[in-house]
Amino acid sequence: MKQMLMGIFLLLLGVWCYLFGVVDQAALFAVLGVLLPIPAVLLTLYGFFNKNK
């Protein structure tokens, strides 16, 4: 459950970074916005399929 919530948080952070990077023309935030969804999706799927209590 914690991994799934962390994945959702990273996905939202990635979207925010991408939007901020494009609007403000900050390359670092744009790159983070592209790279953050990868571990976010992996963590969300891991948290969804992991049945630890």
Point to revise | Transitive ILVMFWY side-chain link Leu36 to Val15, under 4.5 Å | key: no
Review point. Is the closest side-chain heavy-atom distance between Phe49 and Leu45 below 4.5 Å?
Key: yes
Check your understanding: Which distance, rounded to the nearest 0.5 Å, do you find between the CG of Leu32 and the CZ of Phe20?
Key -> 11.5 Å
Review point. Same cluster for Tyr46 and Leu5 if Ile/Leu/Val/Met/Phe/Trp/Tyr side chains link at under 4.5 Å?
Key: no
Point to revise | Shortest non-hydrogen contact between Gly7 and Ala40, atoms and distance | key: O-CB, 3.3 Å
Practice item. May I ask you to test the Tyr18-Val34 pair for a side-chain heavy-atom distance under 4.5 Å? Key: yes
Practice item. Kindly compute the distance separating SG (Cys17) from CG (Leu10), expressed to the nearest 0.5 Å. Key: 10.0 Å
Exercise for review: Count the heavy atoms of every other residue, nucleotide or ligand shown that sit under 6.0 Å from CE of Met4, and state whether that count exceeds 12.
Suggested key: yes
**Study point:** Check: Leu11 and Thr44 side chains under 4.5 Å, non-hydrogen atoms
**Key:** no
